[in-house]
There are 2 protein chains.
Amino acid sequence: MSLRIALLGLLTVSGPASGYDLTKLFESSINNAWQARHSQIYPELNKMAADGLITVEEEGPRGRKTYAITDEGAHELRTWLIEKGPTRSYRSEGVLRAFLLPTLEPHEAAALLRAEAASYGVRLAELEAIRAAKSSWKEPGFGHYALDLGIRQTRLMQDWAEETAAEIEGSTRS
Amino acid sequence: MSLRIALLGLLTVSGPASGYDLTKLFESSINNAWQARHSQIYPELNKMAADGLITVEEEGPRGRKTYAITDEGAHELRTWLIEKGPTRSYRSEGVLRAFLLPTLEPHEAAALLRAEAASYGVRLAELEAIRAAKSSWKEPGFGHYALDLGIRQTRLMQDWAEETAAEIEGSTRS
DNA sequence: GGCTACATGTAAGTAGTTACATGATTGA
DNA sequence: TCAATCATGTAACTACTTACATGTAGCC
């Protein structure tokens, strides 16, 4: 279901696009919150067309099919966002590791956290570079709000990992 | 794979336990980072036993099977945590909604964010109650680090939703 | 002519969800 | 005896991943 909604969202902001286009858009944006490959996207688009949420607007070279969102599709997206209250389908290997931390020796746990903090630091720099590149835009475009949220979350993970590592190291001093 | 690791972690901290026990432990802890029902857990435990990661230590009434982690299982868990670098398998409907925000009218987006903020507020209170109830413990037990992380993340989501709603409302004032 | 990017698909397998199914023990 | 809880499982389906498969158009 979420994939369907994500694709409707992409079609809304990008205008008519092919499965190929949508796959690339997906990779550079929504991929940070939800994952799907072209092998899942193409069949889903066919099902969505069969369900009347999108239509093949144009057939181009190389078998290219350009899809456009229908009124029914736009309605589906809007309903999902507004009527279906705040669901929290959420899965994170990072948080799973936090649960498993006590299964390691303190020095191992601290080392793991330091490595994680470093990795979040790299990620944070990447995200901030993206924001800097987009700051010339005035309009808050697609991904603007999500990028802000992603930066906050990454910074939080980095801080948490660093502070928790320090805490563990502090309580182990001999 | 993650489910397997999660179950090995639970067995490590809880000691020998049945599928039923593990399902309940899972629900009250790791469920916040990863989801699985008993219908997935029972078959997985059987596969893990076949692979030598756990053993049936004891058979009790009502067909109860008590599993214990083996040395091989403990090794598998440790290796996964330490050698497999910081992976970020991550999926969040909350962040997906952030991406889709620009597909709504500003007043609708702001209302959605206010509703989300309220929902995160409720969640935050629940998590803080859990922390308060556990504060009498001195040892940082299972879930201690993950709970701290969860509280930070929930607060972040609440703040982000509130601030973003205010920002949208501010830029729409006539 | 050959490389790269465009473009769409299917097949096989794993992971996860929902629903169905069954039965035993405990305590009121 | 009845209800709740303990306890384990399977079946059918949906979602997702990895790998395979094929062919076209544009550019140098």
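Side-chain atoms are counted along with the backbone in the values below, which use heavy atoms only and exclude waters and symmetry mates. Every chain is numbered from 1, with letters handed out A, B, ... down the list of sequences.
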Here's a test of your reading of the structure: between B/H38 and A/R91, which maps to the more 5' nucleotide of DNA chain C?
A/R91
Is the phosphate of D/dA15 approached by A/Q40 (side-chain N or O, under 4.0 Å from OP1 or OP2)?
no
Rounding to a whole Å, what distance do you find between B/D21:CG and D/dT8:C1'?
13 Å
Is it the case that C/dT18 (base atoms only) and B/S39 (side chain only) share a donor and an acceptor within less than 3.5 Å, ignoring hydrogens and angles?
yes
May I ask you to verify if any side-chain N or O of B/K65 is less than 4.0 angstrom from the OP1 or OP2 atom of D/dG9?
yes
Short side-chain N/O contact from B/Y42 to OP1 or OP2 of D/dT8, under 4.0 Å
yes
Can you find a side chain N or O atom of B/R64 that sits less than 4.0 Å from OP1 or OP2 on D/dC6?
no
For D/dC6, does OP1 or OP2 lie under 4.0 Å from any side-chain N or O of B/Y20?
yes
Taking only the side-chain nitrogens and oxygens of B/K24, find out if one of them lies under 4.0 Å from OP1 or OP2 of D/dT5.
no
Integer-rounded Å distance: C/dT14 P and A/R37 CZ:
17 Å
Applying salt bridge (Lys or Arg N to Asp or Glu O under 4.0 Å), which residue pairs with at least one partner in residues 8-30 of chain B are found, sequence neighbours left out?
B/D21-B/R64
Atom of A/A161, atom of A/E116 and distance for their closest heavy-atom approach
CB-CB, 4.5 Å
Expressed in angstrom and rounded to an integer, what is the separation of B/M1 atom CE from D/dC16 atom C1'?
17 Å
What is the per-nucleotide protein-contact pattern of nucleotides 22-28 of chain C, from the 5' end, where B denotes a base atom under 4.0 Å from a protein heavy atom, S denotes such proximity for sugar-phosphate atoms only, and - denotes neither?
-BBB---
Which atom names give the shortest non-hydrogen contact between A/I168 and A/A110, and what distance separates them?
CG2-CB, 4.3 Å
Between P on D/dA7 and CD on B/E27, what's the gap in Å once rounded to a whole number?
14 Å
Around A/R91, counting heavy atoms of other residues, nucleotides and ligands shown, do more than 12 lie under 6.0 Å from its CZ?
yes
Pairs flagged by side chain to side chain donor-acceptor pair (under 3.5 Å) wherever residues 49-62 of chain A is involved - sequence neighbours left out
A/R4-A/D51
Comparing A/A36 and A/G63 on DNA chain D - which has the more 5′ nearest nucleotide:
A/A36
Which of A/R155, A/R123, A/K134, A/R152 passes salt bridge (Lys or Arg N to Asp or Glu O under 4.0 Å) with A/E128? It is A/R155
Identify whether any heavy atom of A/T23 sits under 4.0 Å from a base atom; if not, whether one sits that close to sugar-phosphate; answer base, sugar-phosphate or nothing.
nothing
Taken to the nearest whole Å, CD/A/E44 to C1'/D/dC16 is 11 Å
Starting from P on C/dA15, measure out to CE on B/M48 and report it in whole angstrom.
12 Å
Can you check the B/I41 CD1 to C/dA15 P distance for me, whole Å?
14 Å
With a 4.0 Å limit, can you tell me whether B/W34 has a side-chain N or O closer than that to the phosphate oxygens OP1/OP2 of C/dG16?
yes
Taking the inter-plane angle between the rings of B/F99 and A/F142 on a 0 to 90° scale, is it parallel (under 30°), tilted (30 to 60°) or perpendicular (over 60°)?
tilted
